[in-house]
Amino acid sequence: MKVYKIIEGKDHALKIREEIRNRIGGMAGAAGRPPKLEVIIAGSDPASLYYASLIKKAGAKEGIEAVLNHMKSPDEYKVLEKIENLNRDETVDGILIQLPLPPPLNKEKIINAINPLKDIDGQHPVNLGKLISGQKGIFPATARAVLKIIKLNGIEVSGKRTVVVGRSTAVGLPAAIMLVRENAAVSVCHSKTAPLEEFTSEAEILVVSAGKPKLISENHVKKGACVIDVGTNEVEGEMVGDVDFERIIRKASVSPVRGGVGALTMACILENTFNAYKKNIHGNGTQ
Ligand code: NAP
């Protein structure tokens, strides 16, 4: 039985990270400091804490200082005060808020408080507005990772019938906008799209970011399509994607849960931080 291509992210991510490491090596001496990313974890969501620890580790490997701010009790005033202090601190290049935020924290209020120049996941309305209007800005790391995995694997985007499942401001919508900019013909599906397979089975490129384990099976997929699985769901201690990889690989090319989009998302977080650092040390990093 024919098995299609695995759409690879890890090796490409390692190359991007190596380049960042080399470039920081050449700049940090003159700047007097390495790039600094402040990660805020409000509450004690285990997945957020774990992911923040991975960012710290990845940053340390590539020469970026990632500081974890674990604010156990979700006090909105304290989170906003923390952000304000980090905005003012010239030695801080980037701020990353781990989502989802626990109640009663107001996501919009907290995201809007970040200096857009330090908004490492591109969630501030200024950066999202720049993405839509085609201006330069900081754009969501996972959406960037989706575009990178497609392009770095040599998948042609222009003119392709493309379906994005998911419309979050962190992944689905920005990925759809980026794909439109690359001249794809994009449809966006969500939880109210029924039947989902009527849309997905037409897609030459299918991006799935729904947060629903194995939502997409072989009958959702067009033969020979390219399927990008963004989903990371913990099921009985195992990491499961939104796509049923084992079944779909016999019908289409697929990105794996491990070594796929996630590896490139981390590379994009580091890249976004490095770019914010470059701007900051050249004197245009304040609000
Ligand atoms: P989210 O904010 O919960 O958004 C999920 C989206 O999927 C929503 O737009 C929702 O529709 C849609 N959806 C939910 N169930 C659906 C269904 N049955 N059919 C069609 N659409 C459905 O999640 P997110 O932040 O975008 O993250 C999605 C997944 O990606 C999660 O598993 C997350 O862990 C993972 N993730 C991975 C990475 C990585 O680097 N690999 C990074 C970030 C996130 P409505 O809008 O109608 O509710």
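In listed order, ligands and their atoms are each counted from 1. Worth saying up front: this structure is predicted, and the values here are computed from it rather than measured.
- The other residues sharing a hydrophobic cluster with Val257 are Met239, where clustering joins ILVMFWY side chains under 4.5 Å apart.
- Annotation: Tyr51, atom OH; neighbour count of heavy atoms from other residues, nucleotides and ligands within 6.0 Å is above 12.
- Grouped with Val235 in one hydrophobic cluster are Val240, the linkage being side-chain heavy-atom contacts under 4.5 Å among Ile, Leu, Val, Met, Phe, Trp and Tyr residues.
- Lys160 places no side-chain N or O within 3.5 Å of a backbone atom of Ala184 that could act as its donor or acceptor partner.
- Connectivity analysis of hydrophobic side chains (ILVMFWY, heavy atoms under 4.5 Å, direct or indirect) links Val67 to nothing; its cluster partners are none.
- Put simply, the side chain of Thr193 never gets that close to the backbone of Leu196: no donor and acceptor are under 3.5 Å apart.
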At less than 3.5 Å, what protein N or O atoms come close to the N or O atoms of ligand 1? Include the distances to 0.1 Å.
from: ligand 1; atom 1: 9 (O); to: Arg167; atom 2: N; distance (Å): 2.8
from: ligand 1; atom 1: 11 (O); to: Ser191; atom 2: N; distance (Å): 3.1
from: ligand 1; atom 1: 21 (N); to: His190; atom 2: O; distance (Å): 3.4
from: ligand 1; atom 1: 21 (N); to: Ser191; atom 2: N; distance (Å): 3.3
from: ligand 1; atom 1: 26 (O); to: Ser168; atom 2: OG; distance (Å): 2.6
from: ligand 1; atom 1: 26 (O); to: Ser209; atom 2: OG; distance (Å): 3.3
from: ligand 1; atom 1: 32 (O); to: Thr232; atom 2: N; distance (Å): 3.1
from: ligand 1; atom 1: 32 (O); to: Thr232; atom 2: O; distance (Å): 3.3
from: ligand 1; atom 1: 32 (O); to: Asn233; atom 2: OD1; distance (Å): 3.4
from: ligand 1; atom 1: 34 (O); to: Thr232; atom 2: O; distance (Å): 3.2
from: ligand 1; atom 1: 34 (O); to: Thr232; atom 2: OG1; distance (Å): 2.8
from: ligand 1; atom 1: 40 (O); to: Thr265; atom 2: OG1; distance (Å): 2.8
from: ligand 1; atom 1: 41 (N); to: Val230; atom 2: O; distance (Å): 3.2
from: ligand 1; atom 1: 46 (O); to: Arg167; atom 2: NE; distance (Å): 2.7
from: ligand 1; atom 1: 47 (O); to: Arg167; atom 2: NE; distance (Å): 3.4
from: ligand 1; atom 1: 47 (O); to: Arg167; atom 2: NH2; distance (Å): 2.8
from: ligand 1; atom 1: 47 (O); to: Ser191; atom 2: N; distance (Å): 3.2
from: ligand 1; atom 1: 47 (O); to: Ser191; atom 2: OG; distance (Å): 2.6

